[in-house]
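In what follows, a structure is listed as structure tokens, so that the remarks can point back to it.
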Amino acid sequence: DDMHWADHLTWQVLLGCSPQALVLLACRPEGVELPLSEAEVLDLGPLSEQESEHLLRAILGPRATPELLRRVLPACGGDPLLAVELALGSGEEVRERTALVLRQRLQLLPPRTLEALGQAAVLGRSFSRERLAELVPQAGGQLGPALSNRVIYASGASYVFAHDRLREECLNQLEPALRRQLHGRLAELLARQATVNCHDLSFHLAQSDHPERSYTYALWAAREARERFALDLAEEHYRRIEHWSEHRPEVLEGLAETLLLRGQYLESAGYFEALLQEEGLDSQQRTRVMARLAYVELNGARLQAALG
């Protein structure tokens with residue numbers, strides 16, 4: 001077992017074994033070149049969720065509670081080592097142990113590959129080869145070791161990080177200034193598309209050196225998300241621009257309405273009250289806001305009465 005740590009002498013001993021001997025070797029894919037030309041290689045993919053559950057139950061026994069399984073199984077991505085690390089820790093310890101495991105895995109890669117992965121991570125967990133070539137032309141040629149070590153895998157014309165935590169670790173390797181520069185460059189590429197995705201454009205501009213340029217797209221994205229009842233996303237966009245003076249009344253009203261739809265009556269009322277303090281509202285607008293505020297307070301009172 002653990003033949004990825006075997007030294008040259010160990011391999012020489014194995015090569016000297018009788019041809020009639022059946023030897024089963026197990027190793028990780030990271031940086032291993034098997035010196036056995038006639039060996040049959042069985043490439044084991046990630047565990048299924050059911051297989052990961054069996055592993056944890058075998059190791060932990062009664063400690064593998066349903067609550068623990070619900071927490072660990074979606075997060076481990078079929079990686080048995082990561083599953084065990086997550087299961088054995090808790091809270092901050094889990095985050096530290098997981099980050100250590102992932103950093104050790106990434107440290108096996110060449111520096112240029114690690115740099116290219118950090119640049120690619122700006123694009124998201126899944127990224128097209130074409131988009132990566134537009135963003136950083138030389139990065140695509142450095143990804144071979146990441147593919148062979150299963151940090152990423154190919155999916156059609158795209159690459160996908162094997163786990164989002166691997167992507168996060170790669171992103172953390174980038175200098176903050178370079179990361180902001182790449183987000184800005186990507187925003188420029190997205191803005192030139194025939195169909196603009198306001199959500200992506202808002203996000204990348206917000207991470208760039210000029211976050212104020214994201215406000216218009218964030219407002220557009222917030223409206224669109226609220227219309228589609230993606231209320232958590234709408235709230236996220238509105239909160240990011242709630243102090244934007246140019247469209248502050250619209251942002252305050254949009255956030256108040258979103259919170260109302262989410263059943264957060266007290267906070268919704270607070271934003272409607274803040275809206276009434278804004279200058280420039282005409283009498284019709286004030287009447288409408290006061291009516292909405294009364295509606296919020298009524299529903300909040302009914303909820304409190306129902307909860308008893």
Side-chain angles (χ1 to χ4, degrees), residues 4 28-34 41-48 74-79 82 98-99 101-210 213-214 217 221 233:
H4 43 277
R28 299 179 194 165
E30 291 89 350
V32 175
E33 294 184 6
L34 296 177
V41 178
L42 301 177
D43 190 9
L44 302 179
L47 299 179
S48 67
C76 71
D79 186 322
L82 187 56
T98 304
V101 170
L102 296 179
R103 279 195 296 271
Q104 289 173 339
R105 183 172 178 181
L106 292 174
Q107 285 170 0
L108 297 170
L109 299 174
R112 289 187 178 181
T113 298
L114 193 56
E115 181 183 5
L117 284 171
Q119 294 164 341
V122 172
L123 293 163
R125 182 175 177 184
S126 175
F127 55 94
S128 72
R129 302 176 195 185
E130 180 182 1
R131 181 65 77 198
L132 179 60
E134 291 177 324
L135 183 64
V136 188
Q138 70 276 16
Q142 304 295 331
L143 295 179
L147 284 164
S148 59
N149 292 340
R150 296 183 183 175
V151 175
I152 59 174
Y153 61 88
S155 177
S158 298
Y159 292 122
V160 183
F161 280 91
H163 197 282
D164 202 48
R165 295 197 179 194
L166 279 169
R167 172 186 168 266
E168 291 173 3
E169 283 298 321
C170 290
L171 196 59
N172 290 337
Q173 304 295 321
L174 283 182
E175 290 292 330
L178 177 57
R179 189 191 306 188
R180 293 194 299 270
Q181 180 184 348
L182 289 171
H183 277 294
R185 193 184 306 168
L186 179 55
E188 292 175 4
L189 292 172
L190 293 173
R192 291 201 293 264
Q193 291 183 158
T195 303
V196 175
N197 185 316
C198 56
H199 298 273
D200 288 347
L201 197 49
S202 168
F203 171 78
H204 290 294
L205 282 171
Q207 305 301 315
S208 73
D209 285 315
H210 302 284
R213 296 179 183 174
S214 71
Y217 296 102
L233 184 58

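Excluded from the calculations below are hydrogen atoms, water molecules and symmetry mates; all remaining heavy atoms, backbone and side chain alike, are included.
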CA sep, side-chain torsions, deciding dist, call: His210, Leu205, side-chain contact (heavy atoms from CB on, under 4.5 Å): CA-CA 7 Å; His210 302 284; Leu205 282 171; 6.0 Å; no
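- Residues Asn172 and Arg179 meet the side-chain proximity criterion, which asks for heavy atoms closer than 4.5 Å.
- With sequence neighbours left out, the ring-ring contact (aromatic ring centres under 6.0 Å, His included) criterion links Tyr159 to Phe127.
- With contacts defined as side-chain heavy-atom distances shorter than 4.5 Å, the pair Val196/Leu190 does not qualify.
- With sequence neighbours excluded, the residues satisfying side-chain hydrogen bond (donor to acceptor under 3.5 Å, both in side chains) with Asp209 are Arg180.
- When all heavy atoms of Ser214 and Ala206 are compared, the closest pair comes out as CB-N, 3.6 Å.
- Closest non-hydrogen pair, Arg129 versus Ala154, comes out as NH2-CB, 3.5 Å.
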Taking it one step at a time, do Val136 and Val122 satisfy side-chain contact (heavy atoms from CB on, under 4.5 Å)? CA-CA 11 Å; Val136 188; Val122 172; over 6 Å; no
Atom pairs and distances, donor-acceptor, side-chain atoms in residues 106-120, under 3.5 Å, two or more places apart:
{"residue": "Thr113", "atom": "OG1", "partner": "Gln142", "partner atom": "O", "Å": "2.7"}

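- The CZ atom of Arg213 sits 14.0 Å away from the OG atom of Ser202 when rounded to the nearest 0.5 Å.
- The ring-ring contact (aromatic ring centres under 6.0 Å, His included) contacts involving residues 133-152 comprise nothing, where partners must be two or more places apart or lie in separate chains.
- For Gln193, the side-chain hydrogen bond (donor to acceptor under 3.5 Å, both in side chains) partners at least two apart in sequence or on another chain are Arg131.
- Enclosure of atom CD in Glu130 is not indicated, since only 12 or fewer non-hydrogen atoms of other residues, nucleotides or ligands lie within 6.0 angstrom.
- Residues forming a side-chain hydrogen bond (donor to acceptor under 3.5 Å, both in side chains) with His199 (at least two apart in sequence, or on another chain): Glu224, His237.
- Across all non-hydrogen atoms, the minimal contact from Pro145 to Ser148 is O-OG, 3.0 Å.
- Residues that satisfy the side chain to side chain contact (heavy atoms under 4.5 Å, CB included) test with Gln181, not counting sequence neighbours, are Leu178, Arg185.
- The CG atom of Leu123 sits 5.5 Å away from the CG atom of Leu135 when rounded to the nearest 0.5 Å.
- Atom CZ of Phe203 and atom CG of Asn197 lie 12.0 Å apart (nearest 0.5 Å).
- Nearest heavy atom pair, residue Cys198 against residue Ala221, reads SG-CA, 3.6 Å.
- When all heavy atoms are compared, the tightest approach of Leu201 to Ala187 is CD1-O, 3.2 Å.
- Atom OH of Tyr217 is surrounded by 12 or fewer heavy atoms from other residues, nucleotides or ligands within 6.0 Å.
- In terms of the side-chain hydrogen bond (donor to acceptor under 3.5 Å, both in side chains) criterion, residue partners of Ser48 (sequence neighbours excluded) are, by chain and number, Glu51.
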